Amino acid sequence: GCSYEYMDRRKVATFSYGGDAQDEAVTELRKKLYQSVTRDGLKPKLDEKGRPQFFFYQNECKNCFTEEGLGMAVYEWRPKFLNGNAVGIELQL
């Protein structure tokens with residue numbers, strides 16, 4: 001069967017984005033997000049090499065599971081103007 005892992009509470013900041021994770025615009029959005037949170041006095045959470053921890057939240061992907069684990073991922077097309085996805089950064093609590 002499947003097992004689950006409990007994750008501690010997180011604090012994040014996001015920008016809505018209608019594109020895909022591989023889009024060139026994501027790099028610029030990450031820069032703007034970093035500048036925005038630091039300007040507001042928030043502190044990004046850093047990895048072991050001192051880099052901010054960014055992520056891409058993709059709402060258009062639905063994961064399907066079987067007894068053995070992940071079975072497949074199904075992508076639902078959405079127009080970019082809906083801004084259904086998000087570029088995010090993890091922050092210190």
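Being a predicted model, the structure only gives us computed values, none of them experimental. Note that these values count all heavy atoms, side chains included, but never hydrogens, waters or copies made by symmetry.
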Which residues pass the salt bridge (charged side-chain N to carboxylate O under 4.0 Å, His left out) test with Lys45, sequence neighbours left out?
Glu90
Pairing residues for Arg51 by the salt bridge (charged side-chain N to carboxylate O under 4.0 Å, His left out) criterion, not counting sequence neighbours:
Asp47
Within a strict 4.5 Å, meaning less than it, do heavy atoms of the Val12 and Tyr57 side chains meet?
no
Closest approach of [X] to [Y] (non-hydrogen atoms, all atoms of both residues):
X     : Y     : value
Asp23 : Asp20 : OD2-N, 2.8 Å
Arg9  : Leu93 : O-CD1, 3.6 Å
Val74 : Cys64 : CG2-SG, 4.0 Å

One should read off an interatomic distance between Leu46 CG and Gln92 CD, to the nearest 0.5 angstrom, of 6.5 Å
When rounded to the nearest 0.5 Å, the distance separating CE of Met72 from OG1 of Thr66 is 10.0 Å
Counting N and O atoms only, with roles assigned by atom type, does the side chain of Asn63 sit under 3.5 Å from a partner on the main chain of Ala73, one being a donor and the other an acceptor?
no
Within a 6.0 Å radius of atom [atom1] on [X], are there more than 12 heavy atoms belonging to other residues, nucleotides or ligands?
X     : atom1 : result
Lys32 : NZ    : no
Lys62 : NZ    : yes
Glu24 : CD    : no

Tracing side-chain links under 4.5 Å among I, L, V, M, F, W and Y, which residues wind up in one group with Leu91?
Phe15, Tyr17, Val26, Leu29, Leu33, Tyr34, Val37, Leu42, Phe54, Phe56, Val87, Ile89
